[in-house]
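Heads up: the structure comes next, in structure tokens.
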Protein chains: 2
Amino acid sequence: MALTDGEGLVSVAFALDRRQPVSEQVYEVLRQAIIRVQLPPGTPISENSLCRQFKVSRTPVRAAILRLSEEGLVDVYPQQGSFVSAIKLSDVRDSHFVRRSLELALLREVAGRWTPAMSREMRDVIATQADDIRRGDVDAFHRDDERFHQLLAVYAERAGVWGTILAAKTRLTRFIRFSGNAKRLPVVITEHEAIVDALDRGDADAADDALTLHLDRIFVLFEQRPERDRAYFTN
Amino acid sequence: MALTDGEGLVSVAFALDRRQPVSEQVYEVLRQAIIRVQLPPGTPISENSLCRQFKVSRTPVRAAILRLSEEGLVDVYPQQGSFVSAIKLSDVRDSHFVRRSLELALLREVAGRWTPAMSREMRDVIATQADDIRRGDVDAFHRDDERFHQLLAVYAERAGVWGTILAAKTRLTRFIRFSGNAKRLPVVITEHEAIVDALDRGDADAADDALTLHLDRIFVLFEQRPERDRAYFTN
DNA sequence: CCTAGTATGCTTGTATTCAAGTGGCAAATG
DNA sequence: CATTTGCCACTTGAATACAAGCATACTAGG
């Protein structure tokens, strides 16, 4: 939860468990805050400020920021400061290309080895997502959404590919959460169902189309993006 | 160049420029040494040992190791040590899948906008690679090889995709350099030429096949891998 | 001889201190 | 009044010091 405080800027409140790696916890908190746009692009990430908030030294904070900078979520300017990176539209476009290419390739392999057990498991996830919407738990919805797409990699017996997809999806998620409309979440349910339906029918081409349609839905956000947020984007 | 020394293990000799970021230089040296298999899988990466060799403190060394661990090149075990990661065959397989899926997708886009200028530039790179072989400069060959494949992303106007491909290619390169045979390098030349030839003819399908053949050549290494190196691999 | 316990040296994780560069602001100078 | 100069607060980078856990070797006791 983002809230302004005496630090003068946006802070992230969190109590961490000192028995577990500190840098890991700081990293996770910051990463989630950035993806959920609680820390909007351009927000200064002062190491000292974070040290005071988390009650830890700079070392683990620096480690966390270093990881975030490699992930492209934070820009570090020596002797000037670190800031939540702007959302580069070209990055969003390229990340979408990566994700779509990989998921379609996975889907082609999954279609050839589709089983009723897979169908059940996927429909289970979809049902959970529907419940997430009813409960209004957006974070849980996105977590289960990742689970759905991850299953594609698992079923294709290429679980390692998911890491690459997730990295791309992370960059996309920030854009979607920023521009997205909660009313659109139910559409995801029907699109997921369309994919599983096609797979159940053994129609690989239809599944291909359904997944493409599902993933390309992000493009409508390119149009709807409000002008007032221009400052948060580049390119 | 890897060489044993008083540290008791394998060391990396290098003189670094203190006017530039130290951690960056340490990272680059270590990364190259690991990819070129000068530091084989399982090699202990002692922070203190590296500090003595580079004549720097632990802080930048730790930063470098942290980056390498995220790249999957180093495994860090708290209170035990850090080691060059084993080459996981499932990782190689998945990385190959990522690379092939993305490069083929890029090629499909490039084929539709192919120009004589692109053809010239690519043939230029190929010529340079042939020269690298004549000079016996394997490192330069691989550097130019990356350039060739990077051009696909550039021509498709999705330069950002290259970063993802490169990450996958890095994992593959370590495997190839370990198992590879220098005699096979000239084959790369003819395969690259076949791709450009097909593009020049405007035959997208042939280009597709040529690139697939080129990338799938790595699978012959799966068979030829000598038994004595088993210890360096897992899965 | 074998086993249990302990001591020691190694490792990484965290904290703290020092160093160097940047940008803004205010005062001095033309 | 405009410009420059020096100071100061702030940033990250690097160096050093401290803490805590693990593995090995050694020792004492059976």
Side-chain angles (χ1 to χ4, degrees), chain A residues 5-12 14-30 39 42-85, chain B residues 5-12 14-30 39 42-85:
Chain A
D5 70 346
E7 298 292 347
L9 292 160
V10 180
S11 68
V12 182
F14 193 76
L16 39 74
D17 180 3
R18 298 307 292 260
R19 291 169 305 183
Q20 286 177 331
V22 176
S23 68
E24 178 70 23
Q25 297 178 66
V26 174
Y27 164 77
E28 207 56 50
V29 171
L30 256 52
L39 297 178
T43 304
I45 304 290
S46 168
E47 293 181 3
N48 286 321
S49 174
L50 290 173
C51 291
R52 286 188 289 268
Q53 295 178 43
F54 287 110
K55 299 284 198 297
V56 296
S57 75
R58 273 182 60 204
T59 309
V61 171
R62 276 181 65 76
I65 292 178
L66 178 59
R67 291 179 62 179
L68 292 170
S69 76
E70 288 176 40
E71 233 174 312
L73 296 178
V74 168
D75 293 329
V76 177
Y77 302 95
Q79 280 72 48
Q80 298 184 37
S82 303
F83 307 88
V84 177
S85 67
Chain B
D5 71 344
E7 299 289 348
L9 293 161
V10 179
S11 69
V12 183
F14 194 75
L16 40 74
D17 180 3
R18 298 307 291 261
R19 291 169 305 184
Q20 285 178 331
V22 177
S23 68
E24 179 69 23
Q25 298 178 65
V26 174
Y27 165 78
E28 207 56 51
V29 171
L30 257 51
L39 297 179
T43 304
I45 304 288
S46 169
E47 293 180 4
N48 287 320
S49 174
L50 289 174
C51 292
R52 286 188 289 269
Q53 295 178 44
F54 286 109
K55 299 284 198 300
V56 297
S57 75
R58 274 183 59 205
T59 308
V61 172
R62 275 183 65 76
I65 292 178
L66 178 60
R67 291 179 62 178
L68 292 170
S69 76
E70 286 175 42
E71 231 175 312
L73 296 179
V74 169
D75 293 329
V76 177
Y77 301 96
Q79 280 72 48
Q80 298 184 41
S82 303
F83 308 87
V84 176
S85 66

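Proteins come first, then strands; the chains are lettered A, B, ... in the order of their sequence lines, and each starts at number 1. As a basis for the values below, the full set of heavy atoms in this structure was taken, side chains included, without hydrogen atoms, waters or symmetry mates.
Taking the nucleotide of DNA chain C with the nearest heavy atom to each of B:Gly81 and A:Pro60, the more 5' of the two is matched to B:Gly81. Projected onto DNA chain D by closest heavy-atom contact, A:Pro78 and A:Thr59 fall at different nucleotides, the more 5' of which corresponds to A:Pro78.
Looking at A:Ser85, its side chain does come within 3.5 Å of a backbone N or O of A:Leu73 through a donor-acceptor pair. With A:Glu47 contributing its side chain and A:Val61 its backbone, the two residues share no donor-acceptor pair below 3.5 Å. Side chain of B:Gln25 to main chain of B:Gln20: a donor-acceptor pair is present (N/O by atom type, distance under 3.5 Å, no hydrogens or angles).
Taking the side chain as every heavy atom from C-beta outward, B:Arg67 and B:Glu24 approach each other to under 4.5 Å. Here the side chains of B:Val22 and B:Phe54 are not in contact, with every heavy-atom distance at 4.5 Å or above. You'll find the side chain of A:Leu30 reaches within 4.5 Å of the side chain of A:Leu50, heavy atoms only. Within the 4.5 Å cutoff, the side chain of B:Arg62 has no heavy atoms near those of the B:Leu66 side chain. The shortest distance between side-chain heavy atoms of A:Ile45 and A:Leu39 falls below 4.5 Å.
Protein chain B touches strand DNA chain C; the 5'-most and 3'-most nucleotides with an atom under 4.0 angstrom of its non-hydrogen atoms are C:dT11 to C:dT14. The span of DNA chain D lying next to chain A, judged by atoms under 4.0 Å from heavy atoms, is bounded 5' to 3' by D:dT11 to D:dG13.
Backbone-only contact: A:Ile45 has heavy atoms under 4.0 Å from sugar-phosphate atoms and none from a base. No contact: A:Ile65 has no heavy atom under 4.0 Å from any strand.
Considering all non-hydrogen atoms of both residues, B:Ser23 and B:Ala63 come closest at CB-CB, 4.0 Å.
Annotation: the span from B:Phe83 atom CZ to B:Ser46 atom OG amounts to 9.5 Å, rounded to 0.5 Å.
Comparing the helix axis at one end of the helix from C:dC1-D:dG30 to C:dG30-D:dC1 with that at the other, each defined from 5 consecutive pairs, gives an inter-axis angle of 20° (nearest 10°).
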